[in-house]
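Let me begin by presenting the structure, written as structure tokens, before commenting on it.
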Amino acid sequence: MKTRFLGLCAILPLAALAAPASAATIVLGGYPDELQLVDDATGAVTQKVKLDTGLPVNLHMSNDRSRIYVTTNTSSGIEVFDTASRKIINKFSLNTPSVRYRFNGGVPDPTGRYFYVLGMRMDKEIDRWRVSKPQYMVVDLQQKKIVRAVDVAPEDERASRYAQLVLSEDGKSLYIFRDEVVVVDTAELKAVKRFDLAKPEFPGMLDVSFGGALESLRKPDEYVSLFISEDPYIHNKVFGIARFDLTSREFTFAPVGPAPENMAGLEVTPDGKDGYTVAVIGDLGSQRCEFWHFDLTTNMAVDKSEFPCRRRFYFGMSPDGAKLYIYGAGFDIAVYDAKTLQPVQDWELTNDATMAGMLFLP
Amino acid sequence: MKHLKPINRKAARIDEMVSLEQEDVVALQGGPAPHVPMGCTLSFSPGWEVDAGGGTAGLCQPVERDIYDCYVTCFWPVQVPDHLNYSPDWASNCAVATKDWRNLDLVFP
């Protein structure tokens with residue numbers, strides 16, 4: 001269970017990060033039901049946005065960066081935050097007294113009307129809650145209800161509700177990234193193609209899986225992710241950058257370096273030249289955490305530095321690539337200088353940060 | 001099996017066993033873990049008694065960092081109020097657990 005948590009720590013901030021060079025406001029989820037807007041230069045909380053549907057568990061920036069889609073789990077809610085006015089412009093809960101839903105994040109369609117999630121439905125019966133199979137669900141953001149739901153095929157059920165969802169630019173294909181890539185036709189909500197990454201077509205590679213998206217490297221119609229691969233002979237693990245073309249559905253992998261026991265994601269500077277990760281070595285009383293700095297032009301390790309571990313944390317980077325952030329499981333952001341890997345200061349927030357990830361406002 | 005009917009007790013037990021496997025009742029030690037919506041009561045994960053430095057400052061302690069994640073996802077060595085099912089308002093008056101833990105609500109069974 002704990003291993004899964006560390007995995008999530010790695011996935012969520014990457015999934016949420018989208019960082020233009022001019023970004024200056026951090027968006028974080030805050031307990032018990034807030035969005036925290038934080039000045040990226042000073043660390044001051046400049047605005048708090050109340051979420052009526054409860055606790056934020058995922059933030060998703062629209063492709064045009066005009067909306068942030070917030071999913072909340074207190075009442076299985078969806079709230080839409082307008083980045084220009086910095087206000088909530090749509091909000092609703094899917095739960096009813098006799099029906100509840102569980103889902104994590106989701107993706108909006110190109111029109112902004114429909115929202116795709118992977119979740120479960122629970123119906124209250126006279127003596128129990130009956131839990132559905134995992135389902136692809138389409139939420140109509142105007143009608144504020146689920147308008148279509150189809151059971152996930154049994155062979156795809158291992159793609160849990162924490163899997164990464166990506167929609168193609170034309171809105172016709174929904175991609176589910178986990179140990180395999182499942183391509184779902186959005187017209188019928190049916191899997192039409194699968195790529196089993198545990199058996200890739202690369203000689204000498206196995207046990208591979210996609211993590212969170214590397215938004216800073218992403219191009220239109222391409223999914224870029226941190227990727228760990230292991231050879232079948234001496235089981236040497238390496239991590240690298242994987243690219244999945246959403247149009248041609250082709251997959252490429254560029255190895256970067258040896259994979260530590262646990263990695264808290266990979267952050268890449270805006271120019272794409274420098275990459276940073278956090279290596280987590282050991283566990284409990286013997287746990288050590290280190291920043292690793294890579295030159296991505298040569299795929300060489302440049303520097304590393306130990307920093308105080310937290311039992312659970314998330315890793316992020318400022319939009320200009322100058323600062324590294326360690327946050328989560330608490331109300332502060334520990335700021336480190338990306339060049340020296342040394343601590344700069346500790347920003348105290350007004351709310352504990354949730355596991356919803358970190359976004360940057362334009 | 002749809003067109004077969006057990007005619008003795010052993011066959012009936014086999015039929016019942018097969019039927020149970022198709023229902024949503026699963027053994028707790030088997031996978032996939034039945035995490036939701038069963039609540040926190042069945043979640044027990046010892047081994048979090050010390051943090052990375054051998055102390056408790058960075059650990060899931062009741063008034064320290066990680067109580068909220070334990071509260072929301074039920075990842076906790078002992079029972080805590082359950083955000084998703086029974087106690088959604090338990091922390092509604094407590095923005096920062098390490099500072100405002102006195103504002104956490106009381107929960108009576």
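Chain letters run A, B, ... following the sequence lines, proteins first and then strands; every chain starts at 1. These numbers were taken from a predicted model, which means no experiment stands behind them.
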Next on the checklist: Restricting to non-hydrogen atoms, name the atom on P32(A) and the atom on S92(B) that form the minimum distance, rounded to 0.1 Å.
Outcome noted: CG-O, 3.7 Å
Item to check | Distance, nearest 0.5 Å, that separates OH of Y31(A) from CG of D100(B) | outcome: 14.5 Å
Item to check | Selection from D33(A), T350(A), T74(A), L55(A) maximising heavy-atom pairs under 4.5 Å formed with chain B | outcome: T74(A)
Checklist outcome for this item: With sequence neighbours left out, the residues meeting side chain to side chain donor-acceptor pair (under 3.5 Å) with E16(B) are none
Next on the checklist: Need one label for E348(A): side chain, backbone, both or neither, based on atoms under 4.5 Å from any heavy atom in chain B.
Outcome noted: side chain
